[in-house]
Amino acid sequence: MAKTKIAVLISGRGSNLQALIDACKNEEYPAEIALVLSNKADAAGLERAADAGLETLVVDHKAYEDREAFEAGLDKALKNAGIQIVCLAGFMRILTPWFVDRWRDRVINIHPSLLPAFKGVHTHERALEAGVRIHGCTVHYVRSEMDAGPIIGQAAVPVLKDDDASTLGARVLEAEHRLYPACLRLVVEGKARVASEHVPMRGSVEAGQRLFNPSPFRSTQNDVKPDNAA
Ligand code: GRF
């Protein structure tokens, strides 16, 4: 069966792009990356794309008169490449209602927090400051309000005792790299359709799966046992 053509939009490092590149290498994966587009010419992710032999394009927002003109440029590039689904992966431009409506339910994003908590930047610093015990990441459909839109999937990680933003961020990032390809697959397979601004759940984890932090199990120095263990 023909694969769905996706574009990955980046502004920087591109580690989520890499996760999508790796997923797309699998013959059974239903999507192929037809375009990697960056608004910055020096985005490291462009090199990853080139290494993988992918089509790349720089659409520099600074070269356009205003946001609308930039987005018209984006729209044209995506149409020219026959793109069906757009994945934002560290793309640091806010999209206007014009673009979002034109591509409604065909643009998804990954955000490094359990939305709706910690929208915006510096999510790991803010999670630590708030003292949350569980943090994570979210893949969602894009709307014109920043970091909002129907949630497709989330992954949770514990916050650990000696975490700083960088150790916590690395733990979340590892989860991102697994979550994004999984959610994109759902979208491409038509298993994550939006209804009344929600994505109805079709499958989920077992009800018994829980992430406790701290663990409810009493712990001795080298041993972790349930409370009722002998
Ligand atoms: C990721 O943390 C992603 O959640 C956020 O921006 C970061 C991009 O990292 N939207 P990378 O460029 O994919 O490595």
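Both ligands and their constituent atoms are indexed starting at 1 by order of listing.
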**Asked** Just how far is it from atom NE2 of His124 to atom CG of Asp164, taken to the nearest 0.5 Å?
**Response** 11.0 Å

**Request:** Could you verify whether a donor N or O on one side chain and an acceptor N or O on the other, from His111 and Ser113, lie under 3.5 Å apart?
**Result:** yes

**Of the listed options Ala89, Ala44, Ser15, Ser11, closest to atom 11 (P) of ligand 1 (non-hydrogen atoms)** = Ser15

**Request:** State the CD1-SG distance between Ile6 and Cys24, to the nearest 0.5 angstrom.
**Result:** 5.0 Å

**Nearest-contact summary for atom 9 (O) of ligand 1 - protein heavy atom, Å** = Arg13 NH2, 3.0 Å

**Fill in**
the protein heavy atom lying closest to atom 2 (O) of ligand 1 turns out to be Glu176 OE2, 3.1 Å

**Item:** Shortest protein heavy-atom distance from atom 13 (O) of ligand 1, along with the residue and atom involved
**Value:** Asn16 N, 2.8 Å

**Message:** How about CD on Glu197, more than 12 heavy atoms from neighbouring residues, nucleotides or ligands closer than 6.0 Å, or not?
**Reply:** yes

**Message:** Need the ligand 1 atom indices (1-based, order shown) with element for anything under 4.0 Å from a heavy-atom of Pro112.
**Reply:** 2 (O), 4 (O), 5 (C)

**Asked** How far is atom 6 (O) of ligand 1 from its nearest protein heavy atom, and which residue and atom name does that atom have?
**Response** Gly90 CA, 3.5 Å

**Message:** If you compare all heavy atoms of Phe99 against all heavy atoms of Leu78, which two are closest, and at what distance to 0.1 Å?
**Reply:** CZ-CD1, 3.7 Å

**Message:** Out of all atoms in ligand 1, which are within 4.0 Å of some heavy atom of Gly14? Include the element for each.
**Reply:** 11 (P), 12 (O), 13 (O), 14 (O)

**Complete:** Distance col, row Thr4:OG1 vs Ile83:CD1, nearest 0.5 angstrom, shows 10.5 Å

**Message:** Is there a polar contact between ligand 1 and Ile110, counting only N or O atoms under 3.5 Å apart?
**Reply:** yes

